[in-house]
Amino acid sequence: MTAEFAVELQDVVKRFITPEGNALNAVDHVTMQIKNGEFFSMLGSSGCGKTTSLRMIAGFEWPTEGEVYIEGKAMGHTPPFQRKVNTVFQSYALFQHLTVFQNIAFGLEMEGAQKDEIEKRVKHVLEMVQLTGMERRKPKQLSGGQQQRIAVARALVKVPDVLLLDEPLGALDLKLRKDMQLELKALQQQLGITFVYVTHDQEEAMTMSDRIAVMSKGKVQQMGTPVEIYERPANRFVADFIGDSNFFEGRIKSLSKNEAVVFIPDLKAEVTGIPVSQGLVTGEEITVSIRPEKVLISEKPMNQNTFRGRVTNTVYIGTDTHVYVDLMGKRVKVFEQNRISRLDPGSFYTVGQDVTLVMMPENVLVLKKE
Amino acid sequence: MNPHRRHPFIFSSAMLVYVFLYAPIVVLILFSFNASRANVTFEGFVPSFSDKVVMDGSLVLSSPCGPFHWFCELAKDKDVAEAAGNTLTIAIISTLVSSVIGTMAALSLQRYEFKLKPFSQLSLYIPIVIPEIVMGIGILTLFSQLFGVINSSLGLTGDSRLSMGLGTVIVSHIAFSVPFVTLVVQARLQGFDKSYEEAAMDLGANEWTTFRRVTLPMILPGVLSGALLAFTLSLDDFVITFFTNGPGSTTLPIYVYGLLRRIITPQVNALSTVWILTVFSVVLILQWLQNREAKQH
């Protein structure tokens with residue numbers, strides 16, 4: 001473990017030919033650096049290139065252009081069985097004709113490990129995933145959650161430099177999935193192995209990851225910590241894909257050193273004092289976004305960055321109440337946490353009620369147009 | 001009314017099917033114990049009195065083997081033993097070779113994209129759909145032309161000449177068995193998740209080890225049923241063997257056909273009985289093995 005990065009993708013392109021004969025870049029000039037000991041997630045909807053990227057790290061696919069490095073070494077066309085990475089498959093891919101013990105021992109046998117060492121290490125890894133005593137079972141005799149743990153155990157017993165996980169929790173039910181998320185994270189911290197995790201579930205990525213790469217159409221849209229990605233989305237796609245956002249089209253009216261005033265034609269109003277970074281010019285068309293839980297509802301009018309609107313709908317979802325407010329024909333989502341009991345129907349906003357929405361400038365984001 | 005009540009029609013039609021299927025076999029087995037040499041009417045079982053075979057024209061009056069007289073005759077027949085030996089040799093070799101080729105063909109058709117793939121897939125059906133006699137004549141013509149050219153160009157004479165025999169029968173049996181094995185294995189490969197192989201390679205197994213330790217065990221039931229099909233096809237093939245055999249490569253079906261042209265004695269029935277019982281017990285054993293396998297999973 002001398003290299004700075006456990007895994008590095010440098011300007012990687014994976015081109016497929018569609019059945020119609022067109023070239024399609026499933027992965028389109030992706031560059032990413034995954035640090036040693038990091039829990040790194042690739043997040044995106046299906047077809048965004050996350051699984052193809054993972055498969056190129058594993059060695060099941062080779063890049064059309066660019067290079068994959070593992071522990072600083074260029075992989076080229078190195079076959080999977082010569083890479084010090086192991087994969088947990090979405091379908092688990094446990095060998096049905098072998099017992100749990102034989103499944104886990106498979107990788108050690110391939111290394112040429114001695115019989116007693118194999119037994120010791122299989123026992124150890126089964127303890128780690130809390131499935132001691134299951135050695136003689138066949139995979140089919142286990143529950144989905146147990147199969148998932150065996151798949152993790154089978155990969156971890158090899159003590160890889162990097163563990164690749166391809167939507168490993170996709171087949172589990174919600175409750176079990178949440179437990180396994182925490183368990184996997186704990187396992188990763190305990191072992192200090194680099195995890196590269198592929199998922200389409202943003203909450204899952206948020207829960208576990210040190211850093212996330214949000215991907216779409218074969219490109220990395222943003223890479224950063226969960227907080228960075230949620231609080232400072234790089235573009236409209238990320239702001240929309242991660243969590244919920246309200247978007248308004250706007251124009252920069254004036255710029256000071258690090259604050260902007262934005263005019264929003266739809267609302268015939270301006271938002272002042274938005275903190276912005278460099279790269280914007282006065283008059284530029286931009287998109288303004290604000291998270292629904294960061295919009296405040298105030299009973300009485302205030303002077304700055306407030307907007308009068310009318311409640312069109314309220315939806316109670318347990319932890320929050322979603323309030324939909326009509327703002328000059330634009331629908332704005334507001335999430336209010338249910339800090340008080342809602343048993344009294346009077347505690348909800350009523351449909352048709354006039355309210356004032358407050359958007360604090362520090363919660364408003366200015367997103368450049370693509 | 002009980003919807004599961006057995007309608008008398010269903011029962012009787014099922015019985016009829018059984019009669020049509022099994023009556024010929026029962027009759028065939030019964031006649032293998034026939035005292036009459038003519039094998040047209042059943043004259044009762046062969047009695048066992050003396051230690052010598054006593055015959056009265058068309059009837060066997062007594063035999064040391066008793067009712068199993070024709071089986072004893074069968075055992076003494078060297079031609080039958082040779083034909084049985086040939087049949088088994090041909091069946092075993094052609095099954096082994098066609099299983100390997102068929103499995104490889106199925107794997108490559110599933111895995112790779114190549115220009116002639118649709119043609120390759122379609123060509124699998126050709127040996128299945130064209131009449132066997134056409135294929136038999138085709139193979140015969142091919143071999144005789146080929147051997148003619150080779151013999152004359154190499155100047156081979158006498159015993160060293162290439163001619164029809166076990167070799168040509170085996171090759172032609174392989175030729176018609178391969179498509180069957182391929183199709184059966186292909187069916188098994190449908191839905192075979194490639195991530196099993198990827199997992200094996202991911203865990204450090206190279207391509208060959210992956211095939212040996214993961215792919216083959218997983219598709220083995222398909223390969224075995226393909227092999228079983230090839231084996232039975234080879235065992236009872238008559239038409240193609242008829243065209244491609246030569247001196248010393250007579251198989252059981254060819255031999256029985258030869259017997260029928262001369263005189264039909266119950267020995268033919270005895271041979272058929274042994275044959276049926278052999279095949280039947282092989283099938284039973286395989287069934288039992290499969291059930292045992294299924295219980296383990």
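Side-chain atoms are counted along with the backbone in the values below, which use heavy atoms only and exclude waters and symmetry mates. Just so it is clear: chains get the letters A, B, ... in the order the sequence lines come, proteins before strands, and each one is counted from 1. Given the structure is predicted, the values throughout are model-derived calculations rather than measurements.
- The 12-atom threshold is not exceeded at CZ of F280(B), counting heavy atoms of other residues, nucleotides or ligands nearer than 6.0 Å.
- Proximity to chain B at a heavy-atom threshold of 4.5 Å picks out F106(A), G107(A), E109(A), M110(A) from residues 102-110 of chain A, in numerical order.
- Counting non-hydrogen atoms of other residues, nucleotides and ligands closer than 6.0 Å to CD of Q190(A) gives a total above 12.
- Contacts of F211(B) classified as ring-ring contact (aromatic ring centres under 6.0 Å, His included), with partners at least two apart in sequence or in another chain: W208(B).
- Of all heavy-atom pairs between L94(A) and Y196(B), the closest is O-CE2, 3.1 Å.
- Residue-environment remark: CZ (F114(B)) exceeds the threshold of 12 foreign heavy atoms within 6.0 Å.
- Under a cut-off of 6.0 angstrom, the local environment of NZ in K117(B) is crowded, with over 12 non-hydrogen atoms contributed by other residues, nucleotides or ligands.
- A distance of 9.5 Å separates CD in E198(B) from CG in D166(A), rounded to the nearest 0.5 Å.
- Chain A forms more heavy-atom pairs under 4.5 Å with one residue of E207(B), M218(B), R213(B) than with any other, namely R213(B).
- When each of T87(A), L164(A), V85(A) is checked for heavy-atom pairs under 4.5 Å with chain B, T87(A) comes out on top.
- Within the 4.5 angstrom heavy-atom criterion, only side-chain atoms of S91(A), from C-beta onward, approach chain B.
- Residues D202(B) and N86(A) approach most closely at O-ND2, 2.8 Å, considering heavy atoms.
- The minimum heavy-atom distance between F89(A) and S195(B), with the atom names listed, is CD2-CB, 3.8 Å.
- The local environment of CD1 in I133(B) is sparse, with at most 12 non-hydrogen atoms from other residues, nucleotides or ligands closer than 6.0 Å.
- Options E111(A), Q90(A), R154(A) differ in how many heavy-atom pairs under 4.5 Å they form with chain B, and the most are formed by R154(A).
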